[in-house]
Amino acid sequence: METMMARFNAPETSAEQVMAELLAQERADYRSVYHDYADNFLAVSPRYGQFLYMMTRACKARRVVEFGTSMGISTIYLATALRDNGGGQLIGSEMERTKVAQARANLDAAGLADLVDIREGDALETLRDIDGPVDLLLLDGAFSLYLPVLKLIEPRLAPGAAIFGENAFDPDYIAYLNNPANGYLSQTLPLDEGRGNGFAVRVG
């Protein structure tokens with residue numbers, strides 16, 4: 001990850017170039033790619049975390065799904081909003097066991113563990129069983145899985161559900177959201193610019 005981040009910040013390369021390389025690596029073997037990041041503290045920025053809190057409150061969300069829990073920083077913002085909404089459930093998915101343990105410890109320390117179900121393993125398996133409508137979906141895991149995870153959750157998305165993709169550089173994912181036939185309105189967020197943060201609403 002340090003090498004990838006160094007390339008991301010290098011003036012001679014664009015974010016799109018770096019992400020294209022990473023997407024190619026993921027498509028070959030996303031499990032191995034993300035296992036190499038098991039010790040890295042991958043977290044949203046404070047500004048983006050505050051935005052997630054605000055949107056969860058504005059949506060009056062009761063059920064949130066998070067793909068890519070990492071060590072639980074974004075989870076804390078989302079779960080805090082659920083608590084302030086009067087309660088609800090956040091279902092997260094994380095492949096790395098050490099990150100799951102750290103995220104659970106962080107949520108315990110924040111007093112939010114009762115609102116969160118972190119499922120360890122591949123999201124294409126762990127997120128198959130969602131009991132009830134989903135009001136908000138955060139995609140922040142393996143970039144090449146944004147579209148498969150969206151399609152997996154899609155039957156459960158409530159009308160007007162909000163979908164956030166951090167580092168949403170996958171052209172297939174972007175094209176899917178931008179095709180009116182698929183029932184979304186979508187745009188890039190002017191927030192942490194260059195990070196490819198996208199926002200969509202389920203309208204179909």
Side-chain angles (χ1 to χ4, degrees), residues 1-9 18-19 21-53 56 63-83 88-131 134 136-150 152-153 164-170 173 192 195-197:
M1 171 56 98
E2 291 178 358
T3 300
M4 185 61 70
M5 288 308 296
R7 283 183 51 70
F8 191 89
N9 294 317
V18 176
M19 288 302 168
E21 292 176 17
L22 183 55
L23 282 166
Q25 293 172 17
E26 285 185 10
R27 288 189 173 110
D29 187 355
Y30 64 83
R31 292 178 181 86
S32 294
V33 170
Y34 274 85
H35 182 68
D36 290 342
Y37 303 159
D39 296 328
N40 290 93
F41 192 78
L42 305 178
V44 298
S45 70
R47 186 171 179 232
Y48 192 71
Q50 184 181 55
F51 176 75
L52 291 173
Y53 170 88
T56 306
R63 182 173 288 104
V64 173
V65 172
E66 179 183 36
F67 164 53
T69 298
S70 190
M71 297 184 186
I73 303 306
S74 53
T75 317
I76 288 173
Y77 285 104
L78 294 166
T80 299
L82 284 177
R83 182 192 63 194
Q89 181 187 39
L90 192 158
I91 300 168
S93 182
E94 173 57 49
M95 284 195 292
E96 293 300 325
R97 180 167 297 180
T98 55
K99 288 191 171 185
V100 171
Q102 186 60 61
R104 287 174 175 159
N106 290 337
L107 288 159
D108 280 336
L112 297 165
D114 61 310
L115 295 166
V116 181
D117 172 18
I118 301 176
R119 301 177 180 181
E120 182 183 332
D122 189 321
L124 297 179
E125 297 299 329
T126 62
L127 297 180
R128 286 187 178 279
D129 182 19
I130 303 293
D131 184 20
V134 174
L136 188 148
L137 171 63
L138 173 61
L139 300 167
D140 193 15
F143 308 140
S144 60
L145 294 187
Y146 282 18
L147 182 54
V149 171
L150 174 62
L152 182 67
I153 302 299
F164 298 93
E166 192 184 21
N167 304 123
F169 288 101
D170 180 5
Y173 171 76
D192 294 344
R195 295 282 296 270
N197 290 326

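This chain uses plain numbering: 1 for the first residue, then up along the sequence. The figures that follow rest on heavy atoms only: side chains count, while hydrogens, waters and symmetry mates do not. Owing to the predicted nature of the structure, the values given are computational and were not obtained by experimental measurement.
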Consider side chain to side chain contact (heavy atoms under 4.5 Å, CB included). Of R104, E96, R97, which one does V100 pass it with? R104
Out of curiosity, E125 CD to R119 CZ, how far, rounded to the nearest 0.5 Å? 12.0 Å
Search all heavy atoms of A79 against all heavy atoms of V116 and return the closest pair with its distance. CB-CG2, 3.8 Å
Would you say E94 and S70 are linked by a side-chain donor-acceptor pair, where the criterion is simply a distance under 3.5 Å? no
Compare every heavy atom of P46 with every heavy atom of Y77, then report the nearest pair and how far apart it is. OH-CA, 3.5 Å
With a 4.5 Å heavy-atom cut-off, do F67 and V149 have their side chains touching? yes
Assess whether side-chain contact (heavy atoms from CB on, under 4.5 Å) is satisfied between Y173 and L139, documenting all intermediate values. CA-CA 11 Å; Y173 171 76; L139 300 167; 3.4 Å; yes
Is a side-chain donor-acceptor pair under 3.5 Å present for T75 with E66? yes
Spacing of CZ belonging to F164 relative to OH belonging to Y146, to within rounding of 0.5 Å: 13.0 Å
Of L138, L136, L137, L78, which is the lone residue that meets side chain to side chain contact (heavy atoms under 4.5 Å, CB included) with V65? L137
Side-chain (T69) to main-chain (G72) donor-acceptor, under 3.5 angstrom: no
As an exercise, state the distance from CG of D140 to OH of Y48, rounded to the nearest 0.5 Å. 7.0 Å
Note, I153 side chain near I130 side chain (heavy atom, < 4.5 Å): yes
Hey, are the side chains of L82 and Q89 touching, using non-hydrogen atoms and a 4.5 Å cut-off? no
Got a donor-acceptor contact below 3.5 angstrom from the N106 side chain to the M71 backbone? yes
Quick one: salt bridge (charged side-chain N to carboxylate O under 4.0 Å, His left out) partners of R63, sequence neighbours excluded? none
How many angstroms lie between CD in Q50 and OG1 in T80, if you round to the nearest 0.5 Å? 12.0 Å
Taking all non-hydrogen atoms of both residues, which atom of P148 and which atom of L124 are closest, and how far apart? CB-CD2, 3.9 Å
Quick check for you: to the nearest 0.5 Å, what is the distance between S93 atom OG and L145 atom CG? 9.5 Å
Does the side chain of D122 come within less than 4.5 Å of T126's, by heavy atoms? no
Kindly give the heavy-atom pair with the smallest separation between D108 and A113, and that separation in Å. OD1-CB, 3.0 Å
One should read off an interatomic distance between Q102 CD and L107 CG, to the nearest 0.5 angstrom, of 10.0 Å
